[in-house]
2 protein chains.
Amino acid sequence: MTGAVDAGAPGDGSAEPEPVEAEPVSRDAALIMERCDELATLSSNPEHLERLHLSREHAAANALVGEWMRQAGLSTWQDAAGNQCARLEGSSPDLPALLLGSHIDTVPDAGRYDGMLGVLLAIAVAGRIHSSGRALPFALEVVAFSDEEGTRFGTALLGSRALAGAWDDALFELTDADGITLFEAMQDFGLDPARLPGAARRRESLVGYLEAHIEQGPILEDLGKSLAAVTSIAGARRFSLTMTGKAGHAGGTPFEKRRDALVGASELVVAVEALSREYGTIGTVGRLQAFPGGVNVIPGRVDFSLDLRAEHDADRDTCLRRIRETAEDICARRGLSFESTEIYTAPAVRCDPGLRAAIESGIRSTGDAAPVAFHSRAGHDGVAISSVTDFAMLFIRCAGGISHHPDESVIEADVAVALDAFEAAVWAVAAGYTG
Amino acid sequence: MTGAVDAGAPGDGSAEPEPVEAEPVSRDAALIMERCDELATLSSNPEHLERLHLSREHAAANALVGEWMRQAGLSTWQDAAGNQCARLEGSSPDLPALLLGSHIDTVPDAGRYDGMLGVLLAIAVAGRIHSSGRALPFALEVVAFSDEEGTRFGTALLGSRALAGAWDDALFELTDADGITLFEAMQDFGLDPARLPGAARRRESLVGYLEAHIEQGPILEDLGKSLAAVTSIAGARRFSLTMTGKAGHAGGTPFEKRRDALVGASELVVAVEALSREYGTIGTVGRLQAFPGGVNVIPGRVDFSLDLRAEHDADRDTCLRRIRETAEDICARRGLSFESTEIYTAPAVRCDPGLRAAIESGIRSTGDAAPVAFHSRAGHDGVAISSVTDFAMLFIRCAGGISHHPDESVIEADVAVALDAFEAAVWAVAAGYTG
């Protein structure tokens, strides 16, 4: 195991552990931090970070990540779904591959670590293993998934679904805010939609999937720890909602004649919070816009979204039923109608116990004798990948639990121990690998 | 008085009264209906009617309306604010002018009568008076105001304010949704902002202002009448509001750590309705959008609007104070901040009793022995014009009180009596005119 034992104690805040090898641990972490900054400049918006699936910036990010992959000694390709991939052969050619990775798309007005940090950690681990001259008993592949957030087409995990072979051709008909279909966007990006099935991997060609990711929550910070293993990913369901009433003149139309879609939708937004708290779920309305949108026009339609997740699918679905009943009550009272389209659904998925043990072994190797493990309320590529191979995840502390925001941050010392732990986890998988 | 006495009884639903002159009344009304349809094709959106201030479609509408003005025998010009103007001289040149008019801009997804019908009625009245060969003791001018709705720049009555000399150069800095300033938009339209003061009219050059407009409310329909006089225009105040919290990951952030701007704004939207009902005012949130707008991102900011109007300014201002207190309570409870910018304010303004009497005389001439009169909850160009000359208004029944919606409609028979009444009102002003 190279480098891993040289890290500072986890959470000690030091970015400069004593160098005991020619290449100090902190140099790798510093490079990862610099690369996160560099990727953050590839944005469609000069004022904040927004990098959408199949955009010009996505192409630039794939090119840049591909270059870093080759510098790490890997061979590279872009697959038929726009995922940027790389491979380091194992002790013989054509062995099944352990996948490491995360995603390089972002939410609007994003932070620079969600997804990107996991991709860069994966490249750095592969680079260290390549440099070590020690061969693994399997191939190592790195994937930078093209779409995890679902920002552009409203449906998440498009990159990992393609790789998992869990593709539905109906997805090609998804449209973005400009009415461009996913099919057209793929063509514009230089991809042939007809070849998308070629991105799918066979189960027998894979050893498993490991992902490192910022926690996006406050638990590690509250515990004073740098790293955790993930037990499972909460089940999430997402809906595109529309409440429809009738537009009218804001001055001329008395309240008793109004069918104001925005007042109705607002009642539902408030109810989503109250019901989510009641049922121990997490419900969020992230997107909402009133139409036609004139200052002096009663809104005739509101388009909004609902994201609902819980550790247990049953709690989530009970809460959803109550939200639907509330929407029906509001509509009956206000002369409105309500439509709901499920745009994403994922059951709660469990990390593989063996791979999770390898992650915990990796954490222990950095000096944390009793690694914590907890479930992820956020969705990750592992949800899609679980349909084709086993997976596990390493969580990294982020400040204040803040994510999906420009203030999202990690400290370099945590990145340094995460890199050591992630590399050690790969060697732990190798140690237990029986082919 | 030409034509006026030939109209069918008001509200009899007949579009074909017996022709007793060479030019039947219904032919004028039918032409106005056709022209409303033709203007409705000048839209920035192929699917619905939206014609913004200083847009390409605005230029096309000015050209078309100008052509119709010339066909009616008027001389035409576009003033320094983009208002399309026309003039018919009176018994001698350079007499003060009675203005007739309305606006030709629209809300988003608009109906085809709000504003446009008043412009076309004014042209038809001027055309009839020109054809009659009888000179008025004043000049008659027709104005198609460039901006009444405020759709593009968020601030209403830009055209009529310029004509009234009630211009504030700070208005040049207003921006549209694309960040284009009003100053730049005027230049793009071929107007010189430096010459805008030239659009202002002197009080002594004006006799008054008369406007015909659809009611945009249900009162006339409920009464079974075609026409009404307006007593006053309700005072309105409009605000641009922002509620700010903190964006974050929808999965990772527990409720106790959230500062969700959308749940806060939604509580306020519901409160605006409740408080407006309590204080007898009309409050509307017409525009609302959550940012950054990701399905899986807690909204960190919500931009929305408030339009508040009442017959009595004091009721409106009391209601506004309660809305502000409620916003402060919500923000304190949820860790949010709140900003409010007043983008438009107008006190309640009264129609001139003498001009209103002329309108009522015009209505009586069409067979309605007891014209009704009530106040307008909607704002109109008369609010701005009142600062330079007296005004009065004629209301025309519209179906279901629906306005600011594609379903907005009027019947041709009501347009026929409105035309007769409006023409008769001009002659009534002339009869009482003492120079």
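Sequence lines set the chain letters: A, B, ... in the order given, protein chains first and strands last, and positions in each chain run from 1.
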Quick check for you: among B:V297, B:V263, B:V270, which has the greatest number of heavy-atom pairs under 4.5 Å with chain A? B:V297

I'd like to know whether CD of B:E47 has more than 12 heavy-atom contacts from other residues, nucleotides or ligands below 6.0 angstrom. no

Side chain, backbone, both or neither: which part of A:R277 has an atom under 4.5 Å from a heavy atom of chain B? both

Main-chain N/O of A:G293 paired with B:R287 side-chain donor or acceptor, under 3.5 Å: yes

Looking only at atom types and distance, does a side-chain atom of B:H404 sit under 3.5 Å from a main-chain N or O of A:N296, one as donor and one as acceptor? yes

Could you look at A:S305 and say if it's the side chain, the backbone, both or neither that has a heavy atom under 4.5 Å from chain B? side chain

Of B:A265, B:G300, B:G111, B:G251, the largest count of non-hydrogen pairs under 4.5 angstrom with chain A goes to B:G251

Given a strict heavy-atom distance threshold of 4.5 Å, which part of A:T281 is in contact with chain B: side chain, backbone, both, or neither? backbone

Examine whether an atom of A:S240 lies under 4.5 Å from a heavy atom of chain B, and if so say whether it belongs to the side chain, the backbone or both; otherwise answer neither. neither

For A:I298, is it the side chain, the backbone, both, or neither that has a heavy atom closer than 4.5 Å to a heavy atom of chain B? both

Under 4.5 Å from any heavy atom of chain B, what part of A:A234 do you find: side chain, backbone, both or neither? neither

For B:A290 against A:G286, the heavy-atom pair lying closest together: CB-O, 4.1 Å

Inter-residue atom distance A:E267.CD - B:E267.CD, 0.5 Å rounding: 12.0 Å

Max heavy-atom pairs within cutoff under 4.5 Å with chain A, candidates B:D307, B:I343, B:T253, B:L262, goes to B:L262

Among B:I402, B:V302, B:V285, B:D114, which residue forms the greatest number of heavy-atom pairs with chain A at distances under 4.5 Å? B:V285

Below 4.5 Å, heavy-atom pairs only: which of B:L268, B:D407, B:L308, B:V272 has the largest tally toward chain A? B:D407

From A:F291 atom CZ to B:H48 atom NE2, the distance as rounded to the nearest 0.5 Å: 10.5 Å

Applying a strict 4.5 Å limit to non-hydrogen atoms, the region of A:V295 in contact with chain B is both

Counting heavy-atom pairs under 4.5 Å to chain B, which of A:I282, A:D109, A:L306 comes out on top? A:I282

Value for NE2 (B:H249) from SG (A:C398), rounded to nearest 0.5 Å, stands at 10.0 Å

Among B:G217, B:P218, B:A156, residue most engaged with chain A (heavy-atom pairs, under 4.5 Å): B:P218

Does any heavy atom of chain B fall under 4.5 Å from the side chain of A:E149, the backbone, both, or neither of them? both

Under 4.5 Å to a heavy atom of chain B? For A:P254 that would be both

Does the side chain of A:T284 pick up a donor-acceptor pair with the side chain of B:R258 at under 3.5 Å? yes

